[in-house]
Amino acid sequence: MATQGDLETVLLPLLEVIKDLHSQYQSLKEGTVANYIPELAKVNPDLFSICIVTVDGQIYEIGDLEHLFTIQSISKVFAYGLALEDHGRDYVLTRVGVEPTGDAFNAIILDEQSNRPLNPMVNAGAIATTSLIKGAGATERLNRMLDMFKRYIGHDVFVDISVFTSERSTGHRNRAMAHLMLNFGMIDQNIEESLDLYFQQCAVMVNCRDLAVMAATLANKGINPITQEQAVKKTYIKDILSVMYTCGMYNFAGEWAYKVGIPAKSGVCGGILAVVPQKMGIAVFSPPLDRRGNSVRGVKVCEELSQRLGLHLFECSEKG
Ligand SMILES: NC(=O)CC[C@H](N)C(=O)O
């Protein structure tokens with residue numbers, strides 16, 4: 001990995017690098033936008049933005065930065081942090097594992113021995129995670145979730161009601177997973193309330209810059225580098241980043257770890273959030289997805305950024 005000295009020299013041309021990658025991949029027309037949630041199918045496939053926020057709060061960005069989209073699966077990372085804060089590591093581990101699935105994000109599988117969902121980055125595990133968010137009733141639980149996002153982003157956040165209701169009325173597969181987990185005692189009786197909270201967390205609106213600030217907060221030991229607010233307890237950063245590293249890109253997680261080599265999370269919105277610990281947060285937004293549900297341009301941009309900037313966690317510098 002680049003040393004601090006290397007990183008300073010790398011940061012100077014950073015804007016040039018992301019501008020270059022943006023123009024290089026703007027014309028790439030592969031992939032299709034998610035359409036299993038009807039509202040998501042309406043997005044413009046040409047939208048494309050890249051943003052990097054360093055742990056000292058510098059912002060480098062290019063593209064459609066103001067465009068708001070729903071955070072979708074990227075929310076799973078942050079809900080996991082809140083569940084850990086609410087219950088502690090040991091209890092959360094009894095409800096959701098930390099093992100990659102090698103299957104699609106919406107696979108209906110639980111661990112055969114423990115009956116737990118395999119990890120918090122796939123839908124089943126995320127629904128179990130969200131069911132752990134504390135609060136006296138639906139409104140308090142939602143407000144705690146929104147406050148948590150606010151700490152990471154640095155401003156108020158809102159739920160896109162049309163995406164929320166679109167997913168709520170079509171999300172039968174997620175509802176089936178919740179019932180399966182209820183059957184095994186992995187989530188409590190109140191599954192409709194937890195499913196609503198899960199659909200709401202997926203429908204929180206963000207832009208590419210917000211995602212990069214969230215990533216930079218994880219890179220910066222849980223402290224938002226713009227507001228200096230502690231968004232999540234430092235002790236849980238290693239839990240969050242470990243599951244992102246091994247499970248965040250679903251059944252592409254192994255190849256991603258091999259090629260890009262940094263913890264990341266994608267969502268069917270077309271966002272990818274990646275964390276370079278102690279250095280920077282990276283976000284790419286481009287809606288067309290590959291067959292695994294990861295943004296086509298997002299994966300390309302991150303692969304190339306990692307190579308050009310030497311970001312892979314296990315990279316041994318030629319110079320060193
Ligand atoms: N991969 C994703 O982004 C999936 C999130 C989506 N809300 C779902 O539950 O299906």
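If you read the sequence from its start, that first residue is 1, and numbering goes on from there. Just follow the structure's listing: the first ligand is 1, and inside any ligand the first atom is 1. Only a predicted model underlies this, so the values are computations on that prediction, with no experimental measurement involved.
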What protein heavy atom is closest to [atom], reported as residue, atom name and distance in Å?
atom                    : result
atom 8 (C) of ligand 1  : Glu167 OE2, 3.0 Å
atom 10 (O) of ligand 1 : Tyr36 OH, 2.5 Å
atom 2 (C) of ligand 1  : Ser73 OG, 2.5 Å

Please tell me whether Phe164 and Phe199 form a close aromatic pair, meaning their ring centres lie under 6.0 Å apart.
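No - the distance between ring centres of Phe164 and Phe199 does not fall below the 6.0 Å cut-off.
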
Side chain, backbone, both or neither: which applies to Asn106 and ligand 1 if a contact is any heavy-atom pair less than 4.0 Å apart?
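It is neither; nothing of Asn106 touches ligand 1.
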
Are any non-hydrogen side-chain atoms of Phe158 and Asp156 less than 4.5 angstrom apart?
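Phe158 reaches Asp156 side chain to side chain.
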
Any side-chain heavy atom of Ile240 sitting closer than 4.5 Å to one from Val232?
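A side-chain contact exists here, since the closest heavy-atom pair is under 4.5 Å.
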
Per-atom contacts, ligand 1 versus [X] - under 4.0 Å to a heavy atom:
X      : value
Cys202 : 7 (N)
Gln72  : 3 (O), 5 (C), 6 (C), 7 (N)
Asn123 : 4 (C), 8 (C), 9 (O), 10 (O)
Gly267 : 3 (O)

Using distance alone, determine whether Val268 and ligand 1 share an N or O pair under 3.5 Å.
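Yes; at least one N/O pair falls below 3.5 Å.
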
For [Y], is there an ion pair with [X] - N to carboxylate O distance below 4.0 angstrom?
X      : Y      : answer
Lys233 : Glu85  : no
Arg209 : Glu66  : yes
Arg175 : Glu192 : yes

Is the positively charged end of Arg297 above the ring of Phe48, judged by distance under 6.0 angstrom from the centroid and angle within 45° of the axis?
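Flagged: Arg297 positioned over aromatic ring of Phe48.
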
Best match, Tyr250, Tyr198, Phe164: closest heavy atom to atom 9 (O) of ligand 1
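Considering heavy atoms of Tyr250, Tyr198, Phe164, the nearest to atom 9 (O) of ligand 1 sits in Tyr198.
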
